[in-house]
Amino acid sequence: MKVILKSFLFFAPFLLIIACGDSSTSDTSTGYESPNPPPVSSKLSQPAPATASNTAKGLSAATGTGTQVTIVNGDPGGKTGEYIFAPDVLNFKKGESVDFTLTAESEVHNFNIEPLNIDTDIDAGETLSFNYVFDTVGTFKFICIFHEANGMVGTITVTE
Ligand SMILES: [Cu+2]
């Protein structure tokens, strides 16, 4: 009796291997992997289709109701043909809620207003958006930290 049990235990792993081998050759090679990945990928893809542009990391999502400002982060490989913010001069009223939409042309760019703690990178070809309410009156310089020396600077003026 013990010998039979022992031999069954010895052969059991082989039987499993054979069973797995049979079904994996009749299926595609991903047959055993497929039950898990789909839920993961569908979770990841959920936030993306919500809007055409993604929210910049660490900033508030665009409201869709504030002042809409679209800025192109230009570069020599893009339509603008130069390192530039287009537009580079913006004027707002104190308390104004602004939805920014930033598009990087052919390089990685950045949008930084240091005193307001606004700092986000924008990957090449990517569009990011965020909302910001300007509560402080003043003149604020915005820059691309990568291309400030190349002239990627702009000015936001907030008045009463
Ligand atoms: Cu740049």
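By convention here, the first residue in the shown sequence is residue 1. Keep in mind that this is a model prediction, so the values were computed, not measured.
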Check: Between Ile113 and Val153, is there a shared hydrophobic cluster once you connect ILVMFWY residues whose side-chain heavy atoms come closer than 4.5 Å?
Finding: no

Next item on the list: Share the residues that join Val72 in a hydrophobic cluster, the rule being Ile, Leu, Val, Met, Phe, Trp or Tyr side chains under 4.5 Å apart at the heavy-atom level.
Entry: none

Note to self: Could you see if Tyr132 belongs to whatever hydrophobic cluster contains Phe142? Use Ile, Leu, Val, Met, Phe, Trp, Tyr and a side-chain cutoff under 4.5 Å.
What the structure shows: yes

Please tabulate, one pair per line, all N/O donor-acceptor pairs under 3.5 Å involving side-chain atoms of residues 94-106, not counting sequence neighbours.
unit_1	atom_1	unit_2	atom_2	d
Glu96	OE1	Lys93	N	2.7
Glu96	OE2	Thr67	OG1	2.6
Ser97	OG	Asn131	ND2	2.9
Asp99	OD1	Thr63	N	2.9
Asp99	OD1	Thr63	OG1	3.3
Asp99	OD1	Asn131	ND2	2.9
Asp99	OD2	Thr63	N	3.2
Asp99	OD2	Thr63	OG1	3.4
Asp99	OD2	Gly64	N	2.6
Asp99	OD2	Gln68	NE2	2.9
Thr103	OG1	Thr127	OG1	2.9
Glu105	OE1	Asp75	N	3.1
Glu105	OE1	Lys79	N	3.4
Glu105	OE1	Thr80	N	3.3
Glu105	OE1	Thr80	OG1	2.7
Glu105	OE2	Lys79	N	3.0
Glu105	OE2	Thr80	N	3.2
Ser106	OG	Asp75	OD1	2.5

Note to self: According to salt bridge (charged side-chain N to carboxylate O under 4.0 Å, His left out), who are the partners of Glu148, at least two apart in sequence or on a separate chain?
What the structure shows: Lys141

Item checked: Those residues that, when tested against Tyr83, pass ring-ring contact (aromatic ring centres under 6.0 Å, His included) (two or more places apart) -> His147

Next item on the list: Show your reasoning for whether side chain to side chain contact (heavy atoms under 4.5 Å, CB included) applies to Phe134 and Leu116.
Entry: CA-CA 9 Å; Phe134 288 89; Leu116 302 180; 3.8 Å; yes

Next item on the list: Provide the closest heavy-atom pair for Phe85 versus Asn73 in the form atom of the first, atom of the second, distance.
Entry: CE2-ND2, 3.5 Å

Note to self: Could you tell me if the side chain of Pro87 sits less than 4.5 Å from the side chain of Ile71, heavy atoms only?
What the structure shows: yes

Notebook entry, point to check: Which heavy atom of Leu59 sits nearest a heavy atom of Thr55, and at what distance?
Noted result: O-CG2, 3.5 Å

Checklist line | Rounded distance (nearest 0.5 Å) linking atom CD1 of Ile145 with atom CD of Glu114 | finding: 10.0 Å

Check: Looking at residues at least two apart in the chain, or sitting in another chain, which of them share a ring-ring contact (aromatic ring centres under 6.0 Å, His included) with Phe140?
Finding: none

Taking only distance into account, with no hydrogens and no angle test, what donor-acceptor pairs under 3.5 Å do side-chain atoms of residues 117-124 form with protein atoms, sequence neighbours excluded?
unit_1	atom_1	unit_2	atom_2	d
Asp119	OD1	Asn110	ND2	3.2
Asp119	OD1	Asn112	ND2	2.8
Asp121	OD1	Asn110	ND2	2.7

Item checked: Audit row: Thr159, Asn91, side chain to side chain contact (heavy atoms under 4.5 Å, CB included) steps and yes/no -> CA-CA 8 Å; Thr159 53; Asn91 298 292; over 6 Å; no

Notebook entry, point to check: Which residue pairs pass the salt bridge (Lys or Arg N to Asp or Glu O under 4.0 Å) test with at least one member in residues 82-92, sequence neighbours excluded?
Noted result: none

Item checked: 4.5 Å side-chain heavy-atom contact, Phe111 and Leu128 -> no

Note to self: Starting from Val89 and following side-chain heavy-atom contacts under 4.5 Å between hydrophobic residues (I, L, V, M, F, W, Y), which residues can be reached?
What the structure shows: none

